[in-house]
Engineer: 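Quick one: this structure, given as structure tokens, is what I'll be asking you about.
In what follows, chains are A, B, ... by sequence order, proteins preceding strands, each numbered from 1. Keep in mind that what you see is a predicted model, and the values were worked out from it rather than measured.
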Amino acid sequence: MYNHRIIEQKWIQKWAEGFVDYSLDKQISDDKKYILVEFPFPSGAGLHVGHIRSYVAQDIKARMYRMQGQQVLYPIGWDAFGLPTENYAIQNNISPAIATADNINNFKKQLAVLGLSFDWSREINTTDPKYYKWTQWIWLQMFKAGLAYQDTTQVWWCEELKTVLANEEVIDGKSERGGHPCTRVPLRQWMLAITKYADRLDKDLETVDYLSVIKTQQRNWIGRSEGVQLKFQIANSTQFVEVFTTRIDTLFGVTFLVLAPEHPLLNKITTAEYQSQVQQYHEQTKSKSDLDRQQEKYKTGVFTGAYAIHPLTGKQIPIWTADYVLMNYGTGAVMAVPAHDERDREFAEKYNLEIINVITEQNILENSESYNSLSTTEAKLQLTQELTNQNLGQQKIQYKLRDWVFSRQRYWGEPFPIVWISEHDYKMLSGEITEFLPPKAITREVDDILQYAVPLAISDLPLELPEIESYIPQGLGDGPLAQAKDWVEVWYNIITGQAISRQNPRPDNTWVEGMRETDTMPNWAGSSWYYLRYIDPNNDEVLADKNLLQEWLPVDLYNGGMEHVTVHLLYSRFWHKFLYDIGVVPTQEPYQTRIKHGMILAEGGVKMSKSKGNTVDPIEMVESFGADSLRVYEMFMGPYDEAIAWDTKGLIGCSRFLKRVYQWVEDIKSDNLEPIQDQNKLDYDINYLIQKITQDIDNQKYNTCISSLMEFLNSYQKQNIQIDYIKQYLKLLAPFAPHLAEELWEMLGETTSIHQSQWPQYDETKLVQSKIDYQIHINGKMRDIVTVSADATEHGIQAQVLNSPKVQQILNSNTPKKIIVNQAKKIVIIIS
RNA sequence: GCUGGUGUGGUGGAAUGGUAGACACGAAGGACUCAAAAUCCUUUGGAGGUAACUCCGUAACGGUUCAAGUCCGUUCACCAGCACCA
């Protein structure tokens, strides 16, 4: 009898004792495979059946590739910084570090019973100072390169929770947790200039094999658009307004300009008469959140009293301000073409502005002076040329992508390796630390005093999080770290960049007063480069050895969810490109292939959630049915990349299948089965199975692997087939049900691990059949099957087909008009 | 609104343009059992026929083809992402 508990415990132990060895050879040639699954956030809720689906799927690949003789890197680690742990820690009055350690232990305990072949010797943890030393190191390189800077952005502030919240944490102006009201406040934040890489992030998508949906989503997010930036002179003034347009062909249809309410020129050009209403409108929009602005049904705006001069016609056109124009895209001003732009039309109709049609239905220009009767494409070219010649405009590429807001006013994140010093002291900097200064100094004002950001010495890394009394945020702009006065107030060395607490006496006059940065990094930081650390997880000298990076990069297969396709995937590609630029990594792209896994939903097709009480505990499933059954079921339930509802009944079915496999091997051993019915068919079937499983694993079609294994068992479970065939079968089963396959392998007398045996190869000659079944389609309908020997000529096949009684009956002594013999598809078509 | 994607039995789903519904779940009947569980066997898209078998059937309508779940067009429904991006 198949007892999953005994078998699985036995092999977990034997494997742990070294019965299998997945360690990697030092020699790595072309046949390496780096398989990466998104490392989990170790939440208090524990492992989810959804985690398991992707880990098992990639485990199956890892196991097959190893059996095929490849070097496989299949690592795991913890993405452990972040708000949920911090909140959990606050609620339970423990430190986030302890909460994290507990949660990781729990996750590890759960993962240990699933038969996953992770390389635990490479385990990493983003909250480990040995790890975040390098997160801080990379960030310092970006600081040095001028990619890190500070800017004031609008952030969500929740007075009740005394904290800044991320956009995702605010729903309809209320906090996701507790539903407290939130407001938008301006706050100075660290930013990373990802937009400088927008072009490469877009273009280099051509060089990688991501699923096309993933590429599309990345492209949409980056939002590249080509157009023209051009200048409109303000009437009776020397000022110009710049606008960006992708439709320069509609230039003659411009009947007004619109500036965003925050546009810096607005006050300067507004005439005295209109000052008050423009001001009032600006105040109005300020009080509205982005959300309100978006949700507004009708467009609003006011006239400025000013006019611009059309660059080609010289006509005067009114200038308006309206909040449907966004300050943070393009130039914050648009040339309105109401005839050919929906938003402009709506606005023009509301305020009775002129509408001039300049494009016909056939996409030909009209009302456009000398450009009339040109196609839009041709007009774009010519107009761009003309404006460039007149020095009024030039081609321009715009991106929707915004720079990355890179600070959080929270505790549980990487501290910035930054100290703020006075202007006077900044000018005193000399020696090695000056090499790490950004091209443009970064400053802030505190109580009207200017402070300069200076980098910490590399030798001071990691800059560890201090222990603090309370993790509760203290007030706007001050993260919990601000409480740690001993930590924040430092002596900073103006030559070396080292910092020590001001609790110590000032060593000498090369040490100046400084304040550490009290913001922390967002949890996207640690996950932006973790795949590099797996390659060389214990290196203290560099983030990873160059030769090892050369050998293992890029990641061959990166598996993850669609929810990370825009943010995480884009951020890590950005960091990787930066590291490439400074010579740290040898490739331009981190991931060669990116695939997605589908979500597992609760029974009934809704999302699993604790609050709904519809979650499935994977460990309970392991206890009841075994890890092998759980693995097989999660692969069998449906196409791997699609969302699918959990069904414990289906798991029971898979458990039944494994029981039957066990029974089959027992029966073979005790010799109480029927003899083989058809050796040729068996040869064909086993070879076909090998071929199919090998291909299907490669193509992520795990569900059909399982059904093929079931089919083979259904056909042969009563026949006394040769032990060799059983062994082949077990090898094919091994990646899916590693414990059971190992047990049965041992039962058949093997003394070494099945997981280190060689993956079966199919024999092509066995897949060629001596007799072929031809399906006979008559007028498109399948009418008969005629078995013909494989070496028959086309003529012979035709004769045999026409001889079939069934065919004769249907033909009813008519002569067929046409006979097609399709060798590859084994189809004969007769038209009567 | 835009961009992708998906529509197949009671359910999850299979099907390089070539036997639609593999495999599994569920259900019904049967065997074993004092009984139950487990296991095993049979049936299981719809309609008609004693039967061999016939006809219909892959969201809807049209098209291409000897042949369409699959390719093309239109429509509808659902899912995901983006959303005043000039």
Side-chain angles (χ1 to χ4, degrees), chain A residues 1 211-221 223-225 227-229 243-248 250 257-258 260 290 293-297 299 322-326 328-337 340-344 346-347 398-402 562-563 565-566 596 598-599 603 605 632-633 636-639 641-654 656-657 659-660 663 695 701 703-714 717-718 773-785 816-820 822 824-832:
Chain A
M1 259 302 278
L211 229 51
S212 69
V213 260
I214 296 174
K215 283 195 187 183
T216 308
Q217 272 193 34
Q218 288 229 342
R219 287 212 174 95
N220 288 345
W221 193 262
R224 180 192 155 97
S225 56
V228 173
Q229 188 161 315
V243 301
F244 172 75
T245 178
T246 54
R247 292 297 307 274
I248 195 65
T250 63
L257 298 188
V258 187
D290 289 2
R293 265 170 87 161
Q294 277 170 30
Q295 281 172 348
E296 236 148 46
K297 287 205 180 97
K299 298 216 170 345
D323 65 2
Y324 79 89
V325 174
L326 308 173
N328 58 4
Y329 182 78
T331 61
V334 302
M335 56 174 231
V337 186
H340 305 290
D341 182 283
E342 239 176 86
R343 296 150 304 178
D344 297 342
E346 203 189 306
F347 194 79
Q398 275 292 338
Y399 299 93
K400 282 191 222 174
L401 187 69
R402 304 284 147 78
M562 284 308 282
E563 68 275 20
V565 158
T566 38
K596 61 163 178 166
M599 261 198 300
E603 293 191 56
V632 168
Y633 170 60
F636 182 60
M637 61 197 305
D641 59 353
E642 277 172 36
I644 198 145
W646 181 267
D647 178 14
T648 305
K649 293 254 174 60
L651 172 52
I652 293 170
C654 291
R656 243 175 242 162
F657 159 64
K659 275 182 205 164
R660 281 165 53 218
Q663 191 57 47
Q695 286 171 359
K701 294 173 73 178
N703 54 334
T704 51
C705 288
I706 307 291
S707 38
S708 311
L709 288 166
M710 287 172 169
E711 271 179 277
F712 188 88
L713 178 68
N714 290 347
Q717 66 175 338
K718 286 182 186 160
D773 287 341
Y774 279 87
Q775 296 168 18
I776 314 305
H777 293 237
I778 300 176
N779 288 346
K781 286 205 169 129
M782 222 292 289
R783 296 295 185 172
D784 198 9
I785 292 175
K817 280 186 188 146
K818 193 174 162 194
I819 301 177
I820 303 165
N822 184 334
K825 291 173 182 168
K826 303 174 193 174
I827 299 299
V828 178
I829 298 155
I830 303 173
I831 309 154
S832 59

Engineer: Figure out the CD/C1' separation between Glu563(A) and C79(B), and round it to whole Å.
Structural biologist: 15 Å
Engineer: When you compare the protein's N or O atoms with those of nucleotides 23-30 of chain B, which come within less than 3.5 Å of each other, and at what distance?
Structural biologist:
residue	atom	partner	partner atom	Å
A24(B)	OP1	Asn714(A)	ND2	3.1
C25(B)	OP1	Arg656(A)	NH1	2.6

Engineer: Counting just side-chain N and O atoms, does Thr566(A) come under 4.0 Å of either OP1 or OP2 of G81(B)?
Structural biologist: no
Engineer: Which nucleotide, A14(B), G81(B), C82(B), lies nearest any side-chain atom of Pro639(A)?
Structural biologist: A14(B)
Engineer: To the nearest Å, give me how far apart CD (Gln218(A)) and C1' (G4(B)) are.
Structural biologist: 15 Å
Engineer: Could you tell me which non-hydrogen atom of Trp646(A) sits nearest to which non-hydrogen atom of Met637(A), and how far apart they are?
Structural biologist: CA-CE, 4.1 Å
Engineer: Pick the C1' atom in G45(B) and in U39(B), then give their distance to the nearest Å.
Structural biologist: 29 Å
Engineer: If we take the C1' atom in both G12(B) and A60(B), what is their distance in whole Å?
Structural biologist: 25 Å
Engineer: Search all heavy atoms of Asp344(A) against all heavy atoms of Ala336(A) and return the closest pair with its distance.
Structural biologist: OD2-CA, 3.2 Å
Engineer: What pair of heavy atoms forms the shortest contact from Thr566(A) to Gln217(A), and how long is it?
Structural biologist: CG2-O, 3.9 Å
Engineer: Grab the CD1-C1' distance between Ile214(A) and C82(B) for me, whole Å please.
Structural biologist: 16 Å
Engineer: Take atom OH of Tyr774(A) and atom P of C66(B), then tell me their distance rounded to the nearest Å.
Structural biologist: 21 Å
Engineer: Using the P atom as the reference point in each nucleotide, state the distance between A68(B) and A20(B) in Å, no decimals.
Structural biologist: 11 Å
Engineer: Expressed as a whole number of Å, how far does the C1' atom of U19(B) sit from that of C32(B)?
Structural biologist: 37 Å
Engineer: Rounded to whole Å, how long is the line connecting atom NZ of Lys818(A) with atom P of C66(B)?
Structural biologist: 6 Å
Engineer: RNA chain B: Lys659(A) or Glu342(A), which has the more 5' nearest nucleotide?
Structural biologist: Glu342(A)
Engineer: Ignoring hydrogens, what is the shortest heavy-atom contact between Phe347(A) and Ala322(A)? Give both atom names and the distance.
Structural biologist: CE1-CB, 3.6 Å
Engineer: Please state the C1' separation for the pair C25(B) and U44(B) - nearest whole angstrom.
Structural biologist: 13 Å
Engineer: Which whole number of Å gives the distance between the P atom of A22(B) and that of A37(B)?
Structural biologist: 27 Å
Engineer: Would you write out the dot-bracket form of RNA chain B, 5' to 3', with Watson-Crick and G-U pairs under 3.5 Å, [ ] for crossing pairs, | for pairs to other strands and . for unpaired bases?
Structural biologist: (((((((..(((.....[....)))((((((.......))))))((((....))))..(((((..]....))))))))))))....
Engineer: Once you round it to whole Å, what is the distance between C1' of A14(B) and CE of Met637(A)?
Structural biologist: 17 Å
Engineer: Assign Met562(A) to base, sugar-phosphate, or nothing according to its heavy-atom contacts below 4.0 angstrom with the strands shown.
Structural biologist: nothing
Engineer: Measure from the side-chain N and O atoms of Gln218(A) to the backbone N and O of Val565(A), and report whether any donor-acceptor pair falls under 3.5 Å.
Structural biologist: yes
Engineer: Would you classify Gln775(A) as touching base, sugar-phosphate or nothing, given that sugar-phosphate means primed atoms plus P, OP1 and OP2, and contacts are heavy atoms under 4.0 Å?
Structural biologist: base
Engineer: Measuring only the P atom in each nucleotide, how far is G17(B) from U6(B)? A whole number of Å is fine.
Structural biologist: 14 Å
Engineer: Side chain of Lys400(A), base of C82(B): donor and acceptor closer than 3.5 Å?
Structural biologist: no
Engineer: Please figure out whether His777(A) or Ile820(A) has its closest RNA chain B nucleotide nearer the 5' end.
Structural biologist: His777(A)
Engineer: Under a 90° cut-off about 0 for the syn range, is G9(B) syn or anti?
Structural biologist: syn
Engineer: So, Arg247(A) side chain and Val337(A) main chain: donor-acceptor pair closer than 3.5 Å or not?
Structural biologist: no
Engineer: Quick check against the 3.5 Å criterion: does Tyr633(A) have a side-chain atom that pairs as donor or acceptor with the backbone of Asp647(A)?
Structural biologist: yes
Engineer: Would you tell me if any nitrogen or oxygen in the side chain of Lys701(A) comes within less than 4.0 Å of OP1 or OP2 on A15(B)?
Structural biologist: yes
Engineer: Taking atom P in both U11(B) and U65(B), compute the distance separating them and give it to the nearest angstrom.
Structural biologist: 36 Å
Engineer: With heavy atoms under 4.0 Å as the rule, sort Asp344(A) into base, sugar-phosphate or nothing.
Structural biologist: nothing
Engineer: Please confirm whether the shortest side-chain N or O distance from Lys596(A) to OP1 or OP2 of G4(B) is below 4.0 Å.
Structural biologist: no
Engineer: Using atom CD1 of Ile778(A) as one end and atom C1' of G18(B) as the other, report the distance to the nearest whole Å.
Structural biologist: 14 Å
Engineer: Closest approach of Asn822(A) and Tyr774(A), non-hydrogen atoms and distance?
Structural biologist: O-CE2, 4.5 Å
